[in-house]
Novice: 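After the structure tokens below, expect a handful of questions from me.
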Amino acid sequence: MDASQRAESTEDYSHNEEMVQKGLQFWNSNRADLTARYPGQYVLIIGERLEGIFQSCFEAVTQGCEIAESADFVVRFTEAPQHHKAIAIPTFVLEGHG
């Protein structure tokens, strides 16, 4: 790798790092809204844009690779609000023999 290739590689890295930082800032700024609108789903963020909503992390990452090509991207899970979660409490019945 010559000096120009190293410089180009460093530029790509800093650009990708910038894309991730922008994506994380977008997530942090919009987390409450995204979680309310898309609870329990995966959001794909590229730069400062929401690019898609998916049922699985695999789908989000696959789509991110197709859309972003060589750029980095962010995938986050929007947790369902606490009041939507169900808690299962099992019931035990003990019978005596005798």
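When a residue number appears, it is its place in the shown sequence, counting from 1.
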Novice: When you compare the side chain of L44 with that of I67, does any pair of heavy atoms fall below 4.5 Å?
Specialist: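 Result yes, sub-4.5 Å side-chain heavy-atom pair found.
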Novice: How long is the straight-line distance from CD of E48 back to CG of L24, given to the nearest 0.5 Å?
Specialist: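 Between L24 CG and E48 CD, I get 12.0 Å after rounding to 0.5 Å.
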Novice: How many angstroms lie between atom CG of L50 and atom CZ of R37, to the nearest 0.5 angstrom?
Specialist: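 One finds 8.0 Å between CG of L50 and CZ of R37.
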Novice: Might you point out which heavy atoms bring M19 and G47 nearest each other, and give the distance in Å?
Specialist: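 Smallest heavy-atom distance, with atoms named: CE-N, 3.7 Å.
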Novice: What's the spacing between T78 OG1 and D33 CG if we round to 0.5 Å?
Specialist: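 The distance works out to 11.0 Å.
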Novice: Using the test side-chain hydrogen bond (donor to acceptor under 3.5 Å, both in side chains), find all partners of Q63 that sit at least two apart in sequence or belong to another chain.
Specialist: none
Novice: For T62 and E59: C-alpha separation, side-chain torsions, deciding distance, then whether side-chain hydrogen bond (donor to acceptor under 3.5 Å, both in side chains) applies.
Specialist: CA-CA 5 Å; T62 301; E59 291 172 310; over 6 Å; no
Novice: Using 0.5 Å steps for rounding, measure from the CD atom of E18 to the CD atom of Q25.
Specialist: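 Answer rounded to 0.5 Å: 9.5 Å.
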Novice: Could I get the full list of side chain to side chain contact (heavy atoms under 4.5 Å, CB included) partners for R31, not counting sequence neighbours?
Specialist: W27, T35
Novice: Using 0.5 Å steps for rounding, measure from the CD atom of Q41 to the OG atom of S56.
Specialist: 10.5 Å
Novice: Let me check something: do V20 and V61 share a hydrophobic cluster, defined by ILVMFWY side-chain heavy atoms less than 4.5 Å apart, either directly or through other members?
Specialist: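 In one cluster with V20: V61, no.
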Novice: Looking at side-chain heavy atoms only, is the closest gap between R76 and V74 below 4.5 Å?
Specialist: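 Yes. Closest side-chain heavy atoms under 4.5 Å.
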Novice: Looking at A60 and V75, what are the two nearest heavy atoms and their distance?
Specialist: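 Between these two residues, the closest heavy atoms are CB-CG1, 3.7 Å.
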Novice: Side chains of E51 and I45: closer than 4.5 Å at any heavy-atom pair?
Specialist: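 A side-chain contact under 4.5 Å is absent here.
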Novice: If a pair satisfies ring pair (Phe, Tyr, Trp, His ring centres under 6.0 Å) and one of its residues is in residues 32-65, list it, with sequence neighbours excluded.
Specialist: Y42-F77
Novice: Of the non-hydrogen atoms in I46 and F73, which two are nearest, and what is the gap between them?
Specialist: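 That closest heavy-atom pairing would be CG1-CB, 3.7 Å.
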